[in-house]
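Protein chains get the first letters and strands the later ones, always in sequence-line order, with residue 1 at the start of each. All values below were derived from every heavy atom in this structure, side-chain atoms included, with hydrogens, water molecules and symmetry-related copies excluded.
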Amino acid sequence: DAKTTQPTSMDCAEGRAANLPCNHSTISGNEYVYWYRQIHSQGPQYIIHGLKNNETNEMASLIITEDRKSSTLILPHATLRDTAVYYCIVSQRGSNYKLTFGKGTLLTVNP
Amino acid sequence: GAGVSQSPSNKVTEKGKDVELRCDPISGHTALYWYRQSLGQGLEFLIYFQGNSAPDKSGLPSDRFSAERTGGSVSTLTIQRTQQEDSAVYLCASSSQGGGGYGYTFGSGTRLTVV
């Protein structure tokens, strides 16, 4: 699986958009980009995934660059409850592949 | 059940003792994963079960670690002769399809402390 690079930490003001970047310059054509988050003392939670098109769901939006070498997770209106470690992962789909979690980005939403 | 259930939520054991950690996946989920997370670290893959296929044990750190999944449902992770470096949160996840990225649902984990 391709390696990802994320900032160690970020801050965001409550109510503002949080934009979390992820670099995955070695991503291959059949690898998806997945985002999970982990709130303190809980297990990780799936947020969103995409292949090459931008995706949106009730939690977030995922913007993938045209060359697919980087992506951005957008939380449109961050709340204090969005304070968590956010993991960007690239992986192929299929029975031989498992998700490899890095250290992620600690997002702190400030009042 | 509605989610992935893990028990116990906390376990303190003496060095050298064996421990068993239990995971009840979401009903109908064919894939089950074990990860562990040491303090301040990312998640480390341990083992993966998919249906009746042979499990992927490539992440188990030593032969003191083993896991089984009975009847394609409940899984038990066993650590024999525990060491202090085994102290971590052990997380279980399940998904409706096997393999990377099919929306894992994680449990809340078992916090293991070896003293």
Per-residue contact mode, B:Ser58 against chain A (heavy atom under 4.5 angstrom)
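Only the side chain of B:Ser58 comes within 4.5 Å of chain A.
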
Using non-hydrogen atoms and a 4.5 Å limit, figure out which bit of B:Gln37 sits close to chain A: side chain, backbone, both or neither.
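The side chain, not the backbone.
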
Report whether [X] and [Y] are members of the same hydrophobic cluster (ILVMFWY, side-chain heavy atoms less than 4.5 Å apart, transitive linking).
{"X": "A:Trp35", "Y": "A:Met59", "result": "yes"}
{"X": "A:Leu80", "Y": "A:Met10", "result": "yes"}
{"X": "B:Val12", "Y": "B:Leu39", "result": "no"}
{"X": "B:Leu21", "Y": "B:Leu91", "result": "no"}
{"X": "A:Tyr34", "Y": "B:Tyr104", "result": "yes"}

Separation between CD of A:Gln38 and CG of B:Leu43, rounded to the nearest 0.5 Å:
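Going from the CD atom of A:Gln38 to the CG atom of B:Leu43 covers 5.5 Å.
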
Looking at OG1 of A:Thr100 and CZ of B:Phe45, how far apart are the two atoms once the value is rounded to the nearest 0.5 Å?
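Reported to 0.5 Å precision, the distance equals 8.5 Å.
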
Nearest heavy-atom neighbours spanning B:Phe106 and A:Tyr36
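That would be CE1-CE2, 4.3 Å.
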
Before we go on, tell me: are the rings of A:Phe101 and B:Tyr35 under 6.0 Å apart, centre to centre?
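Yes; B:Tyr35 has its ring centre under 6.0 Å from that of A:Phe101.
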
